[in-house]
Amino acid sequence: MKAIQIAVVNASGLADEDVAGGLAAMQRQVSDDFAPVWGVDAELHLVTREQAFSGAKFADRWGLVLEDHELVTARLGNHVRGYHDRTSAGLPIARVMVDQLEPGQDWTLVASHELLEMLADPDCDASVFRHPDANTVVFYAREVCDPCAAYEDGYERCGRTVSDFVFPAWFQTASPKRGATRFDERGLIDAPFTVRPHGYIGVFQPATSSWVLQKYGGIVDFETEVGSRIERRNTADSRWLDSDMVTSP
């Protein structure tokens with residue numbers, strides 16, 4: 001398969017050496033674990049802090065931009081909506097706030113989470129139809145890391161922590177009986193359409209024309225977080241914007 005070219009942009013307070021180490025772990029995960037399952041591979045390329053703030057552009061590459069929340073708000077104020085839809089060349093982009101973590105957590109888990117979900121569904125428009133009973137029709141967002149998003153569910157690659165992810169079987173109602181199929185990389189999930197503690201999945205309900213979250217323990221309503229992939233699913237195609245941020249590839 002032809003690998004997608006992705007610029008991993010260090011627009012954060014992280015040292016470039018730290019980002020290079022995290023990139024090696026994510027590259028290992030993508031090529032060794034994710035690509036054989038989902039049929040999508042990628043080559044990750046480091047864009048250093050100096051390059052990031054010089055306005056360097058890479059028109060042929062998708063973007064994974066590592067940022068600090070304070071830096072973004074200082075540069076853009078509250079006007080961050082729309083700046084993470086696509087790169088300046090109109091290609092897929094994901095942004096990760098690497099300073100919004102619990103003490104002791106490695107930023108590579110959330111970065112790998114966003115990377116794999118971008119690879120599996122770059123346009124935030126893929127969903128899976130489910131008809132669980134005669135009166136219910138729903139659509140599950142194809143977000144491959146959300147059901148097992150907890151930090152404790154991550155695993156090690158090259159000495160760093162990366163996100164667990166679900167397999168296509170997780171979205172298949174007719175999957176073989178429990179125990180006969182792996183539903184995620186770590187083998188923590190034992191049935192389709194189930195989520196781990198601290199996991200979740202976006203579910204669209206046509207009856208109410210709204211998104212809800214299926215979490216461990218049940219369905220909950222939620223407020224859409226600006227910049228989330230669910231928010232982008234709620235945004236009309238005509239309102240998607242190419243990024244004009246300096247740090248966008």
Side-chain angles (χ1 to χ4, degrees), residues 1-6 25-44 62 64 91-94 96 108-133 136-157 161-206 211-216 219 228-230 232-234:
M1 67 190 76
K2 184 177 181 180
I4 295 168
Q5 304 300 305
I6 298 181
M26 291 189 291
Q27 182 68 73
R28 174 83 175 273
Q29 179 189 35
V30 169
S31 296
D32 291 359
D33 304 337
F34 186 78
V37 174
W38 282 98
V40 183
D41 201 357
E43 290 182 4
L44 309 182
W62 297 14
L64 179 66
L91 296 174
I93 190 172
V96 179
T108 49
L109 182 123
V110 65
S112 62
H113 179 132
E114 296 301 323
L115 172 62
L116 298 187
E117 293 197 330
M118 178 171 64
L119 290 172
D121 181 18
D123 296 317
C124 294
D125 60 1
S127 60
V128 175
F129 171 80
R130 190 182 184 198
H131 198 352
D133 59 58
T136 307
V137 171
V138 291
F139 293 85
Y140 280 71
R142 198 169 76 177
E143 303 291 348
V144 300
C145 294
D146 288 352
C148 42
Y151 193 86
E152 296 76 15
D153 287 349
Y155 64 102
E156 183 270 333
R157 280 289 175 265
T161 302
V162 294
S163 178
D164 191 13
F165 61 92
V166 299
F167 286 15
W170 191 89
F171 295 98
Q172 297 167 1
T173 303
S175 293
K177 63 182 180 179
R178 298 183 184 188
T181 293
R182 288 176 65 189
F183 296 101
D184 67 296
E185 173 63 25
R186 288 198 59 199
L188 301 175
I189 299 175
D190 63 0
F193 301 106
T194 61
V195 298
R196 293 275 300 161
H198 306 295
Y200 53 91
I201 191 69
V203 181
F204 184 76
Q205 298 177 324
W211 285 95
V212 296
L213 281 185
Q214 177 180 320
K215 302 185 77 172
Y216 185 76
I219 297 290
S228 69
R229 288 175 61 86
I230 289 294
R232 293 167 71 183
R233 290 178 185 275
N234 279 326

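All values reported here derive from a predicted model rather than from experimental measurement.
Lys215 contributes atom NZ, which lies 9.0 Å from atom OH of Tyr200 (distance to the nearest 0.5 angstrom). Atom CD1 of Ile4 is separated from atom CG of Leu91 by 10.0 Å, given to the nearest 0.5 angstrom. Atom CD of Glu185 is separated from atom SG of Cys145 by 10.5 Å, given to the nearest 0.5 angstrom. Separation of atoms OG1 (Thr108) and CD (Glu156) is listed at 10.0 Å; rounding is to 0.5 Å. In this structure, Trp62 CH2 and Met118 CE are separated by 6.5 Å, a value rounded to the nearest 0.5 Å.
Side-chain contact between Phe193 and Ile201: absent, with no pair of heavy atoms (C-beta onward) separated by less than 4.5 Å. For the pair Glu43/Ile6, no side-chain contact is recorded, criterion being any heavy-atom separation below 4.5 Å from C-beta on. A 4.5 Å side-chain heavy-atom check between Ser163 and Val110 finds every atom pair outside the cut-off. No side-chain heavy atom of Arg196 sits less than 4.5 Å from a side-chain heavy atom of Asp184. You'll find the side chain of Glu117 reaches within 4.5 Å of the side chain of Asp146, heavy atoms only. Proximity of Leu115 to Leu44: side-chain heavy atoms (C-beta onward) are separated by under 4.5 Å at one or more points.
With hydrogens and angles disregarded, a donor-acceptor distance shorter than 3.5 Å links the side chain of Gln5 to the backbone of Ala3. Proximity of a side-chain donor or acceptor of Glu114 to a complementary backbone N or O of Ala94 within less than 3.5 Å is not detected. At least one donor-acceptor pair closer than 3.5 Å links the side chain of His131 to the backbone N or O of Asp133. Without hydrogens or angle criteria, Asp164 side chain to Cys148 main chain gives no donor-acceptor distance under 3.5 Å.
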Item to complete: Before giving the answer on side chain to side chain contact (heavy atoms under 4.5 Å, CB included), spell out for Tyr151 and Leu109 the whole-Å C-alpha distance, their side-chain angles and the decisive distance to 0.1 Å.
Response: CA-CA 7 Å; Tyr151 193 86; Leu109 182 123; 3.9 Å; yes
Practice prompt. List the steps, then state whether ring pair (Phe, Tyr, Trp, His ring centres under 6.0 Å) holds for Trp170 with Phe183.
Written response: CA-CA 5 Å; Trp170 191 89; Phe183 296 101; 8.8 Å; no
Fill in: Stepwise side chain to side chain contact (heavy atoms under 4.5 Å, CB included) check, Phe165 with Trp38
CA-CA 10 Å; Phe165 61 92; Trp38 282 98; 4.0 Å; yes
Practice prompt. Walk me through it: do Val212 and Phe204 pass the test side chain to side chain contact (heavy atoms under 4.5 Å, CB included)?
Written response: CA-CA 6 Å; Val212 296; Phe204 184 76; over 6 Å; no
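Of all the heavy atoms in Thr194 and Pro147, the pair that sits closest is O-CB, 4.2 Å. Annotation for Ser112 and Met26: closest pair N-SD, 3.7 Å, computed over non-hydrogen atoms. Here the closest non-hydrogen pair linking Thr181 and Ala169 is CG2-CB, 3.5 Å. In this structure, Val166 and Phe171 approach most closely via the heavy-atom pair CG2-CE1, 3.8 Å. Residues Pro36 and Ser31 approach most closely at CD-O, 3.6 Å, considering heavy atoms. Pairing each heavy atom of Tyr155 with each of Gln29, the nearest pair is OH-NE2, 3.0 Å.
Residues Arg157 and Asp33 are paired through a salt bridge, judged by an N-O separation under 4.0 Å between the basic side chain and the carboxylate.
Every residue meeting the side-chain hydrogen bond (donor to acceptor under 3.5 Å, both in side chains) condition with Arg130, not counting sequence neighbours, appears here in chain and number order: Tyr140. For Phe129, the ring pair (Phe, Tyr, Trp, His ring centres under 6.0 Å) test picks out Phe139, with sequence neighbours left out.
Defined by atom type and a distance below 3.5 Å, a donor-acceptor pair is missing between the side-chain atoms of Asp153 and His198.
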